[in-house]
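Remarks on the structure that follows.
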Amino acid sequence: MNDWQLFFLGVMAVALVAMAVAQVLIGVAVLRTSRQMTDLAGQMRNDIRPLIDKATRLTDEASRVTSMAMVQMERVDKLTLLLVTRVDETMGVLQSAVIGPVRQGAAVLAGIRAVMGAVREWQNRPARPHEDEDPLFVG
């Protein structure tokens with residue numbers, strides 16, 4: 001073997017060792033980064049968990065408030081229906097209690113007007129013709 005061959009063989013050996021060392025260093029870096037990512041993911045899980053729990057509690061509370069509001073709305077609906085029914089019944093009673101006497105009063109007033117009209121006609125009637133005059137006599 002000559003010197004050049006030995007020299008290039010040494011360069012190849014050094015390059016091979018350098019590549020092996022680089023691969024080992026890259027593997028260590030990948031492992032370290034992997035551990036950091038795992039730790040970061042765990043930390044994020046721990047940081048986000050209270051937020052998720054709080055959001056869940058808020059959602060449950062909103063659901064409870066919504067159901068309570070629905071119950072109150074049903075109560076208001078029932079009360080409104082009851083109020084409308086009672087007002088309708090009251091108006092019916094008032095109409096029968098007031099309109100009946102008003103109609104009777106109007107009938108009495110109409111009777112009084114008729115009597116007054118008859119009296120006026122009787123007072124304004126012309127005097128009776130005398131019996132000695134013949135109503136059929138022309139001349």
Side-chain angles (χ1 to χ4, degrees):
M1 258 199 207
N2 72 23
D3 288 336
W4 285 108
Q5 285 180 342
L6 191 60
F7 173 74
F8 284 122
L9 186 60
V11 169
M12 285 181 5
V14 169
L16 183 64
V17 169
M19 285 177 51
V21 168
Q23 286 180 350
V24 168
L25 290 176
I26 288 174
V28 169
V30 167
L31 283 174
R32 190 178 298 160
T33 304
S34 174
R35 284 187 194 141
Q36 287 176 350
M37 291 300 280
T38 303
D39 292 343
L40 182 63
Q43 185 180 2
M44 285 180 65
R45 243 186 252 126
N46 291 337
D47 290 345
I48 290 176
R49 185 174 311 259
L51 293 175
I52 291 173
D53 291 341
K54 192 171 191 175
T56 302
R57 283 193 309 269
L58 286 173
T59 304
D60 293 343
E61 185 69 20
S63 175
R64 187 179 68 81
V65 167
T66 302
S67 66
M68 287 173 56
M70 288 297 293
V71 168
Q72 291 299 327
M73 288 304 295
E74 288 174 1
R75 286 181 184 170
V76 167
D77 186 42
K78 287 178 184 177
L79 283 174
T80 304
L81 181 62
L82 181 64
L83 177 67
V84 167
T85 304
R86 294 279 171 91
V87 166
D88 191 38
E89 289 173 357
T90 303
M91 291 305 290
V93 168
L94 283 176
Q95 274 186 332
S96 63
V98 172
I99 289 182
V102 168
R103 284 185 184 159
Q104 290 175 357
V108 168
L109 286 176
I112 291 172
R113 277 191 201 141
V115 168
M116 294 299 287
V119 168
R120 280 188 201 141
E121 275 187 36
W122 185 70
Q123 287 176 350
N124 293 335
R125 71 179 158 78
R128 285 190 155 182
H130 296 291
E131 292 205 22
D132 53 335
E133 292 180 17
D134 188 11
L136 296 177
F137 176 72
V138 178

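From a predicted model like this one, the values you see are computed outputs, not experimental measurements. The figures that follow rest on heavy atoms only: side chains count, while hydrogens, waters and symmetry mates do not.
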Please indicate whether Gln72 has more than 12 foreign heavy atoms, meaning atoms of other residues, nucleotides or ligands, lying under 6.0 Å from its CD.
yes

Report yes if some heavy atom in the side chain of Met37 is under 4.5 Å from a heavy atom in the side chain of Thr33; otherwise report no.
yes

Side chains of Lys78 and Leu81: closer than 4.5 Å at any heavy-atom pair?
no

Under the side chain to side chain contact (heavy atoms under 4.5 Å, CB included) test, residues paired with Ile99 that sit two or more places apart
Gln95, Arg103

Would Val108 and Met116 show up in the same hydrophobic cluster when neighbours are defined by side-chain heavy atoms closer than 4.5 Å?
yes

Spacing of CE belonging to Met73 relative to OG1 belonging to Thr80, to within rounding of 0.5 Å:
8.5 Å

Applying a strict under-4.5 Å side-chain criterion to I, L, V, M, F, W and Y, I'd like to know whether Val11 and Trp4 cluster together.
yes

Please report the interatomic distance CG(Asn2) to CZ(Phe8), rounded to the nearest 0.5 Å.
9.5 Å

How long is the span from the CZ atom in Arg45 to the CD1 atom in Ile52, to the nearest 0.5 Å?
10.5 Å

Treating Ser63 as the side-chain partner and Thr59 as the backbone partner, does any N or O pair qualify as donor plus acceptor under 3.5 Å?
no

Value rounded to 0.5 Å, distance of CZ in Arg86 from CG in Leu79:
10.5 Å

For residues 46-73, pull every pair meeting salt bridge (Lys or Arg N to Asp or Glu O under 4.0 Å), keeping only residues two or more places apart or in separate chains.
Glu61-Arg64

Work out which heavy atom in Asn46 is nearest to a heavy atom in Pro50; give both atom names and the distance.
O-CD, 3.0 Å

Atom pair CG/CE of Asp88 and Met91 - distance to nearest 0.5 Å
9.0 Å

Do Leu94 and Leu83 belong to the same hydrophobic cluster, where Ile, Leu, Val, Met, Phe, Trp and Tyr are linked whenever their side-chain heavy atoms lie under 4.5 Å apart, directly or via other members?
yes

Distance-minimising heavy-atom pair for Ser96 and Pro101
O-CD, 4.2 Å

Following the transitive rule for hydrophobic clusters with a side-chain heavy-atom cut-off under 4.5 Å over Ile, Leu, Val, Met, Phe, Trp and Tyr, establish whether Val93 and Val102 coincide in one cluster.
no

